[in-house]
Undergrad: 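My questions will all concern the structure given below.
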Amino acid sequence: MTFKSILDEIENNLTKILSDLSVSDVEFSVEPAKPGFGDVSSNVSFLLAKSLKKSPKEIAEMLSEKYSSCTSTTLVLKSEPHPSGYLNFIANWDKLSQLIISESYLDTCGDVELGNGSSMVVEHTSVNPNKALHIGHIRNIIIGDTISRILEKSGYKVNVLNYIDDSGLQVADIIVGFKHFGYAEEPPDGKKFDHYCGDDVYVKTTEKYEADSSLEEIRKKVLKELEDGNSETAKFGDKITRRVLAGQLETCWNFGVTYDCLNFESQIIRSGLWSKIFEKLKEMNLVEFENEGKNGGCWVIRGDGKEEDKVIVRSNGTATYIAKDIPYAAWKLGLLEDPFNYEQYENEQPNSRVLWQTSLKDTDKISKDFTGEKVVTVIDSRQANLQKIITTLMDKFKSAPDAYNHLGYESVTLSSDTAKTLGLETDGKQTQMSGRKGLYVSADSVYDILKEKTKEETKKRHPEMDDSEIEIIAHSVSVGTIRYEMIKQDLDKIITFDLTKSLSLEGDTSPYIQYTHARASRILEKSGRTPTIDVDFTLLKEKSELDLIKNIGLFNLQVRDAANNLSPKVIARYCYDLAVSFNSFYEKSKVLDLGDVELENSRLCLVNSFKIVLEKALDLLGIQSPDRM
RNA sequence: GGGCCUAUGGCGCAGCAUGGAUAGCGUGUUGGACUUCUAAUCCAAAAGUCAAGGGAUCGAAGCCCUUUGGGCCCA
């Protein structure tokens, strides 16, 4: 067990004391204490103040006295009433340290029993395959990837999906560029294909539309042709989008993000899934036919109360954009018979996780189950309206609340300085990125810049290091920096990306945390020993040591919190706090050459414990833990 | 016109779900610490009417109402 052991012990004892006082139904808290207030705090006295008609201070004193006569207390040394009314507890660290550190050496350390093996779909990325990923897409991808790691750690069987919208307007646009405006199929001088399509073909094609509105006709024609899977246009589109997709996936993989299945929109359309679900929706009365009014002749989803009705099929029989998302949402929840076969994706993912893709070919007679009892869809909050409709609809469809979850987040905008370098004057205001206007910073370029910077930094510190090792370190630091920047703040905060400011490597950043890991590794390496847990834990009694142990013991509580709230930043903050407490320990307590073998062993054991837990916590963020930096 | 998000030291953020103690952190500024297990580190100082107003509460950064600034979505 971990720090939770002492929380549980206190909670049980307090509950018992309360029942002796014949007070029940009090939902008091038992939490790790703020610094300076012991180890554990409870607010129980405040909650009793009214019913017992005493001040919180008096109650805390009374409870503290009763607590001291509790027999089943092994982890608490004593309880202390605080004049404010809080009831604080001092831990018996001799025992608690041993519990926490031994636990940290286990493979299961940090595991949480929440999912109990139930399946969960996490869909993220889902970028139109007509351009390279930019830094805004990266926020989506990193949030999704981190959440899926956290859910896996919490006992869910997670299926990670990437929806490939390969039949929309944006794809039509680059096809027009290639077919009608004569863009060469091969990018110039070795440019990555996804960058070429996004920077050159897409941006310049849309510029031409703006200059000449008669070109709209071509665009519409191409879009229409895309719908017929056997058309030349569709085949050409398929070839192009798959090549762009390969480029996008290469970027994702570089960032440590992998998937289980790619779902192609074109195949969802051709599978006839929509008509099946439309029939079902009609049967279940979840859609209704409107006879009159402004929506006369349309099929609509009735709005709740003050919400307006949403048209899903127009009077001319065409489906609206809302309708496009419904079949996929239902498929993800396993509400429909699966129309797909599956084949392995042609390129292998770096971590050997097998990547599948949907197929309509009869030759791929492989069936798979990538659905989930629950679904998390990571899409930015600009789509909150649409997602709300789908959520309500799906919860009714499955008749399970919380089956479909939209995990929204605010967008990444460009700082005025960075916008200026891309040729846009913004009067000091931040600005939304736009793939269509070419206003974005690509993920690959941020990575490249960062990698150059970290390479230099590493070389400066380790002139003797060979290039391949520097390469590996620079990679993990660059990826870490970007990943950490994307999830360290709340999902509903806008990230203003600034090309120079966002590349800081000091303070509350991934390199800070990774560096701390390298420090720990170095101590262990230099000691020349393999730490064991067969040490005297009572020797660890410095404040900085106990703080560190406490933080180590909070790991599983943090994972649970992050999973329950779908909040990746919880783990980011945890990693940072853990690193801070290690650095404090590092400054105050030497580990090696103490002339006291017992103490050295105990501290080495602690250092190793920290290293193990930090590594696991960073892994939840998809950040690697280098041994040297 | 309707809806969603947001406001906390100069700047960027945490804390808010579940009200209680001394509002934390990074950055920037000023000063200090490398012959030491790596200074991508650490220590210290200055810097806050928690947007404004009101309400319920013994008690509000947090809950409720109103207003304002910023961002977004729909019409």
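Below, all heavy atoms of this structure are taken into account, side chains as well, without hydrogens, waters or symmetry copies. From a predicted model like this one, the values you see are computed outputs, not experimental measurements. The chains referred to below are lettered A, B, ... by the order of the sequence lines, with proteins before strands, and numbering in each begins at 1.
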Undergrad: Would you kindly give the CZ-to-P distance between A:F497 and B:C11, to the nearest whole Å?
TA: 21 Å
Undergrad: Between the side chain of A:S415 and the main-chain N/O of A:T418, is any donor-acceptor distance below 3.5 Å?
TA: yes
Undergrad: With a non-hydrogen cut-off below 4.0 angstrom, is A:A518 in contact with a base, only sugar-phosphate, or nothing?
TA: base
Undergrad: Using a heavy-atom cut-off of 4.0 Å across all strands, would you classify A:K569 as base, sugar-phosphate, or nothing?
TA: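 If one applies the 4.0 Å heavy-atom cut-off, A:K569 turns out to touch the sugar-phosphate alone, with no base involved.
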Undergrad: Between A:R139 and A:E410, does any side-chain N to carboxylate O distance fall below 4.0 Å?
TA: no
Undergrad: Where the side chain of A:D492 is defined as all heavy atoms beyond and including C-beta, which of B:C42, B:G71, B:C5 is the nearest nucleotide?
TA: B:C5
Undergrad: Considering heavy-atom distances to RNA chain B, does A:E410 or A:S29 have its closest nucleotide positioned more toward the 5' end?
TA: A:E410
Undergrad: Tell me what A:K57 touches on the nucleic acid: a base, only sugar-phosphate, or nothing, going by heavy atoms under 4.0 Å.
TA: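 No contact.
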Undergrad: Give A:Q383 one of three labels, base, sugar-phosphate or nothing, depending on what nucleic acid heavy atoms sit under 4.0 Å from its own.
TA: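 Nothing: the residue A:Q383, judged by heavy atoms under 4.0 Å, touches no strand.
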Undergrad: Quick one: does any side-chain atom of A:K488 pair with a main-chain N or O of A:R573 as donor and acceptor, under 3.5 Å?
TA: no
Undergrad: The side chain of A:K310 lies closest to which of these nucleotides: B:C74, B:C37, B:G71?
TA: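 Nucleotide nearest to A:K310's side chain: B:C74.
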Undergrad: Kindly point out which of B:A7, B:C73, B:C37 is positioned nearest to the side chain of A:K493?
TA: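 Among B:A7, B:C73, B:C37, the one nearest the side chain of A:K493 is B:A7.
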Undergrad: Hey, does A:Y86 reach any base, or is it just sugar-phosphate, or nothing, if we go heavy atoms under 4.0 Å?
TA: base
Undergrad: Identify, between A:P511 and A:R573, the residue whose nearest nucleotide on RNA chain B lies closer to the 5' end.
TA: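 Nearest-nucleotide comparison on RNA chain B picks A:R573.
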Undergrad: Identify whether any heavy atom of A:S41 sits under 4.0 Å from a base atom; if not, whether one sits that close to sugar-phosphate; answer base, sugar-phosphate or nothing.
TA: base
Undergrad: What's the closest nucleotide to the side chain of A:D561 if the choices are B:A17, B:C42, B:A39?
TA: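 Nearest to the side-chain atoms of A:D561, counting from C-beta on, is B:A17.
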Undergrad: Within 45° of the axis and under 6.0 Å from the centre of the six-membered ring of A:Y586, does NZ or CZ of A:R519 qualify?
TA: yes
Undergrad: Now, which nucleotide makes the Watson-Crick or G-U wobble pair with B:G1, with each of the two distances under 3.5 Å?
TA: B:C74
Undergrad: Between B:A47 and B:G9, how far apart are the two C1' atoms, rounded to whole Å?
TA: 5 Å
Undergrad: Using the six-membered ring wherever Trp is involved, compare the ring planes of A:F585 and A:F582 and label them parallel, tilted or perpendicular (cut-offs 30° and 60°).
TA: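 Ring orientation of A:F585 relative to A:F582: tilted.
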Undergrad: When you check the phosphate oxygens OP1 and OP2 of B:C74, does a side-chain N or O of A:R382 lie under 4.0 Å from one of them?
TA: no
Undergrad: Which nucleotide sits closest to the side chain of A:K526: B:A21, B:U18, B:C37?
TA: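 The answer is B:C37, which lies nearest to the side chain.
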Undergrad: So if I take every side-chain heavy atom of A:D490 and compare against B:U41, B:C73, B:A14, which nucleotide ends up nearest?
TA: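 From the listed options, B:A14 comes nearest.
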Undergrad: With a 3.5 Å limit on both atom pairs, tell me what B:U29 is paired to, counting Watson-Crick and G-U wobble, or say none.
TA: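 Check on B:U29: paired to B:A45, both distances under 3.5 Å.
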Undergrad: Which whole-number value in Å describes the distance from A:F28 CZ to B:U18 P?
TA: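 Roughly 18 Å, once rounded to whole Å.
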Undergrad: Please report, rounded to the nearest Å, how far the P atom of B:G12 is from the CG atom of A:L503.
TA: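 Answer to the nearest Å: 18 Å.
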Undergrad: Between B:G15 atom C1' and A:E31 atom CD, what is the distance in whole Å?
TA: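 Between C1' of B:G15 and CD of A:E31: 12 Å.
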Undergrad: Among the nucleotides B:C74, B:U27, B:C37, which one has an atom lying closest to any side-chain atom of A:Y586?
TA: B:C37
Undergrad: Determine the Euclidean distance between corresponding C1' atoms of B:G15 and B:U8; express it in Å to zero decimal places.
TA: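 Those two atoms are separated by 10 Å.
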Undergrad: Students often get this wrong, so: under 4.0 angstrom with heavy atoms, is A:T458 touching a base, only sugar-phosphate, or nothing?
TA: base
Undergrad: If we ignore hydrogens and angles and just use 3.5 Å, is the side chain of A:Q514 paired with the main-chain N or O of A:Q624 as donor and acceptor?
TA: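 Side chain of A:Q514 to backbone of A:Q624, a donor-acceptor pair under 3.5 Å: yes, one is there.
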Undergrad: Can you tell me, in whole Å, how much space there is between the C1' of B:A61 and that of B:C16?
TA: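 One C1' to the other, the span is 8 Å.
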Undergrad: Taking atom C1' of B:A39 as reference, at what distance in whole Å does atom NE2 of A:H462 sit?
TA: 12 Å
Undergrad: Distance check, C1' atoms only: B:G71 and B:A51, in whole angstrom units.
TA: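 So the two C1' atoms sit 16 Å from each other.
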Undergrad: Taking B:G10 as the reference, what is the distance to B:U6 when you measure between their P atoms (whole Å, please)?
TA: 22 Å
Undergrad: Would you indicate, yes or no, if B:C25 has its OP1 or OP2 atom less than 4.0 angstrom from a side-chain nitrogen or oxygen of A:K488?
TA: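 A:K488 to B:C25 OP1/OP2: no side-chain N or O under 4.0 Å.
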Undergrad: In whole Å, what is the span from the CG atom of A:L386 to the P atom of B:C4?
TA: 17 Å
Undergrad: Using a cut-off of 4.0 Å on non-hydrogen atoms, how would the nucleic acid contact of A:I494 be classed: base, sugar-phosphate, or nothing?
TA: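 Since only primed, P, OP1 and OP2 atoms lie under 4.0 Å of A:I494, the category is sugar-phosphate.
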Undergrad: Rounded to the Å, how far apart are A:I389 CD1 and B:A75 P?
TA: 10 Å
Undergrad: Given B:C13, B:A21, B:C37, identify the nucleotide with an atom nearest to the side chain of A:Q489.
TA: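 Of the candidates, B:C13 comes closest.
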Undergrad: Taking the P atom in each of B:C43 and B:C34, what is the distance between them to the nearest angstrom?
TA: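 That atom pair is separated by 16 Å.
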Undergrad: What nucleic acid atoms does A:S589 come within less than 4.0 Å of, heavy atoms only: base, sugar-phosphate, or nothing?
TA: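 Answer is base: heavy atoms of A:S589 come under 4.0 Å of a base.
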Undergrad: Using a cut-off of 4.0 Å on non-hydrogen atoms, how would the nucleic acid contact of A:D380 be classed: base, sugar-phosphate, or nothing?
TA: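 Since no nucleic acid heavy atom lies under 4.0 Å of A:D380, the category is nothing.
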Undergrad: For nucleotides B:A14 and B:A75, find the distance between their C1' atoms and express it as a whole number of Å.
TA: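 It comes out at 37 Å once rounded to the nearest Å.
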Undergrad: Watson-Crick or G-U wobble partner for B:A17, using a 3.5 Å limit on both distances?
TA: none
Undergrad: In terms of side-chain heavy atoms of A:D508, which of B:C37, B:C72, B:G26 is nearest?
TA: B:G26
Undergrad: Quick check: does any side chain N or O of A:S381 sit under 3.5 Å from a backbone N or O of A:Y409, one acting as donor and the other as acceptor?
TA: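 At least one qualifying donor-acceptor pair exists.
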Undergrad: Could you give the NZ-to-P distance, from A:K460 to B:C34, as a whole number of Å?
TA: 20 Å
Undergrad: Between B:U27 and B:C65, how far apart are the P atoms? Round to whole Å, please.
TA: 39 Å
Undergrad: Measure up the A:Y86 and A:F46 rings against each other and bin them: parallel (under 30°), tilted (30 to 60°), perpendicular (over 60°).
TA: perpendicular
Undergrad: Among side-chain atoms of A:E506 and A:T509, is any donor-acceptor pair under 3.5 angstrom?
TA: no
Undergrad: Are A:F37 and the base of B:A21 stacked, counting only ring centres nearer than 5.5 Å and planes tilted under 30°?
TA: no
